[in-house]
Participant: 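So that we are looking at the same thing, I have put the structure below in structure tokens.
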Protein chains: 2
Amino acid sequence: MKIGDLARRTGLSAHTIRYYERIGLLPRAPRDASRQRGYDASILTWIAFLGRLRTTGMPIRDMLRYTHLRERGPGTLDERRILLEAHRAKVRAHLAELQDCLAVLDTKIAGYAGPDTVEMDNDATTDQRTRAVREGLARPLRD
Amino acid sequence: MKIGDLARRTGLSAHTIRYYERIGLLPRAPRDASRQRGYDASILTWIAFLGRLRTTGMPIRDMLRYTHLRERGPGTLDERRILLEAHRAKVRAHLAELQDCLAVLDTKIAGYAGPDTVEMDNDATTDQRTRAVREGLARPLRD
DNA sequence: CTACGGGTTCGAGCGCGCTCTAAGTCAAGC
DNA sequence: GCTTGACTTAGAGCGCGCTCGAACCCGTAG
């Protein structure tokens with residue numbers, strides 16, 4: 001598989017793939033007679049995994065740490081697990097935070113849609129009234 | 001309230017608060033006799049709301065759009081609602097994606113922890129053996 | 001033979017969201 | 001009066017993760 005094919009199959013650009021190789025996220029691909037990279041299908045799973053790490057907000061420097069541990073072989077399993085566990089904790093925390101923000105957003109949007117409107121400056125996150133609204137103690141306001 | 005107090009109370013730096021004012025996310029604060037900004041407690045709720053938008057990944061340019069609509073008054077309520085609804089949809093999608101990634105991460109960590117550590121195919125430059133393992137032709141190795 | 005659509009390298013540039021520097025003003029405390 | 005420290009401005013700089021440009025090399029189709 002050439003770099004263009006890989007790009008199409010991963011959604012990364014060829015530029016990005018070369019960049020990942022340059023910084024060490026991807027192993028140096030073997031070149032053919034005209035110095036072009038040739039990829040094995042196995043790279044797809046690794047790229048997909050990197051994608052998960054990226055999606056969950058892992059900085060490249062941490063992906064590199066993981067990658068380098070992996071290259072050092074089975075002696076680094078514990079370290080890798082620890083690294084992933086730490087990352088998982090961050091992802092969970094972020095998830096919780098997002099869910100919280102989403103609840104606020106829901107409340108606010110519900111306020112906009114409310115049948116009765118009092119024009120007030122209430123662009124708050126969780127002020128008294130918003131909390132009351134969420135608990136069904138008051139009707140939403142628009143702002 | 002002066003900018004330093006506001007910084008302490010919001011977790012933003014004074015630099016960032018000035019920056020937000022400069023770009024229009026925060027209204028121009030009234031200055032005192034020595035040109036220093038004086039804040040009213042009401043700014044806290046607005047900053048908290050901006051924080052929610054930021055946490056949920058809204059780019060500054062969209063926060064600006066919202067801010068400007070808000071400044072134009074009640075005639076923009078519909079537009080604001082639409083903007084927030086669109087944002088909410090993105091947040092929900094992102095949340096789902098994160099949950100999916102988290103599940104993968106859980107599986108992978110479980111793989112590392114097991115007494116028989118199974119070679120997971122998302123952590124591999126999938127070599128011959130790994131492919132064989134996947135097809136049940138060989139026993140798993142640690143990598 | 002030539003044009004074209006890939007690929008290669010190296011290094012510069014970009015968009016984002018801050019973050020900091022420099023040079024100055026001001027008010028309070030010793 | 002002097003020091004300290006928080007504030008002011010305009011504007012430069014930074015870290016991240018790409019993204020692109022320039023100049024060149026190949027192999028194949030017309």
Side-chain angles (χ1 to χ4, degrees), chain A residues 1-40 43 46-68 87 90-91 94 97 101, chain B residues 1-40 43 46-68 87 90-91 94 97 101:
Chain A
M1 205 193 320
K2 292 206 285 182
I3 199 171
D5 305 323
L6 185 58
R8 271 180 290 283
R9 292 176 67 170
T10 57
L12 299 177
S13 71
H15 281 307
T16 300
I17 294 169
R18 286 191 211 99
Y19 166 69
Y20 279 2
E21 177 178 313
R22 209 156 71 210
I23 65 175
L25 274 186
L26 295 179
R28 180 171 169 81
R31 315 298 157 114
D32 68 10
S34 32
R35 298 190 317 156
Q36 299 192 0
R37 291 165 180 82
Y39 292 98
D40 185 296
I43 200 73
W46 176 239
I47 289 177
F49 181 61
L50 289 177
R52 302 280 187 171
L53 296 182
R54 189 190 46 178
T55 295
T56 50
M58 183 184 281
I60 282 183
R61 93 187 75 87
D62 292 353
M63 296 193 216
L64 276 177
R65 274 194 56 215
Y66 185 86
T67 305
H68 294 335
H87 181 57
K90 280 182 208 151
V91 176
H94 185 214
E97 198 180 24
C101 289
Chain B
M1 203 192 318
K2 290 207 286 181
I3 199 170
D5 305 323
L6 185 58
R8 271 179 289 284
R9 292 176 67 169
T10 59
L12 300 178
S13 72
H15 280 308
T16 300
I17 294 169
R18 286 190 210 101
Y19 165 69
Y20 279 1
E21 176 177 314
R22 207 156 73 209
I23 65 176
L25 273 186
L26 295 179
R28 181 172 167 80
R31 314 299 157 113
D32 68 10
S34 32
R35 299 188 318 154
Q36 298 193 3
R37 290 164 179 82
Y39 292 98
D40 184 296
I43 199 74
W46 175 239
I47 289 178
F49 181 61
L50 289 177
R52 301 280 185 171
L53 296 182
R54 189 189 45 176
T55 295
T56 50
M58 182 183 282
I60 281 183
R61 91 186 75 88
D62 292 354
M63 295 193 216
L64 277 177
R65 273 194 56 214
Y66 185 87
T67 304
H68 294 334
H87 181 57
K90 281 183 207 150
V91 176
H94 184 214
E97 198 180 24
C101 290

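To find a chain, count down the sequence lines: A is the first, B the second, and so on, and within it residues start at 1.
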Participant: When you measure from the side-chain N and O atoms of Arg54(B) to the phosphate of dC18(C), is any distance below 4.0 Å, counting only OP1 and OP2?
Facilitator: yes
Participant: Which of these passes side chain to side chain contact (heavy atoms under 4.5 Å, CB included) with Leu12(A): Leu6(A), Ile3(A), Ile47(A)?
Facilitator: Ile47(A)
Participant: Looking at every non-hydrogen atom in both residues, tell me the closest pair between Arg52(A) and Cys101(B) and how far apart they are.
Facilitator: CD-SG, 3.6 Å
Participant: Taking the side chain from Trp46(A) and the backbone from Leu25(A), do they hold a donor-acceptor pair closer than 3.5 Å?
Facilitator: yes
Participant: Should Arg18(B) and Arg37(B) be marked as a side chain to side chain contact (heavy atoms under 4.5 Å, CB included) after you check the CA-CA gap, both sets of side-chain angles, and the distance that decides it?
Facilitator: CA-CA 10 Å; Arg18(B) 286 190 210 101; Arg37(B) 290 164 179 82; 3.7 Å; yes
Participant: If you pin Gly38(B) and Ser13(A) to their nearest nucleotides in DNA chain D, which one's is more 5'?
Facilitator: Gly38(B)
Participant: Contact list please: residues 21-37 of chain B against DNA chain D, heavy atoms, distance less than 4.0 Å, in numerical order.
Facilitator: Arg22(B), Arg31(B), Arg35(B), Gln36(B), Arg37(B)
Participant: Would you call Glu21(A)-Arg31(A) a salt bridge at under 4.0 Å N-O?
Facilitator: yes
Participant: So which of residues 3-11 of chain B are in contact with DNA chain D, with a heavy-atom cut-off of under 4.0 Å?
Facilitator: Ile3(B), Gly4(B)
Participant: Grab the NE2-C1' distance between His15(A) and dC10(C) for me, whole Å please.
Facilitator: 13 Å
Participant: Name the first nucleotide and the last nucleotide along DNA chain D (5' to 3') that come under 4.0 Å of a heavy atom in chain B.
Facilitator: dC7(D) to dG11(D)
Participant: Could you check if a side-chain atom of Pro27(B) sits within less than 4.5 angstrom of a side-chain atom of Thr67(B), using non-hydrogen atoms only?
Facilitator: no
Participant: Working note: Arg8(A) + Asp5(A), criterion salt bridge (charged side-chain N to carboxylate O under 4.0 Å, His left out); need CA distance, chi angles, decisive distance, verdict.
Facilitator: CA-CA 5 Å; Arg8(A) 271 180 290 283; Asp5(A) 305 323; 3.1 Å; yes
Participant: Step by step, would you call Arg9(B) with Met1(B) a side chain to side chain contact (heavy atoms under 4.5 Å, CB included)?
Facilitator: CA-CA 10 Å; Arg9(B) 292 176 67 169; Met1(B) 203 192 318; 3.9 Å; yes
Participant: Restricting to non-hydrogen atoms, name the atom on His87(B) and the atom on Thr56(B) that form the minimum distance, rounded to 0.1 Å.
Facilitator: NE2-OG1, 2.7 Å
Participant: Run the side chain to side chain contact (heavy atoms under 4.5 Å, CB included) check on Leu26(A) and Leu50(A) step by step: do they pass?
Facilitator: CA-CA 9 Å; Leu26(A) 295 179; Leu50(A) 289 177; 3.9 Å; yes
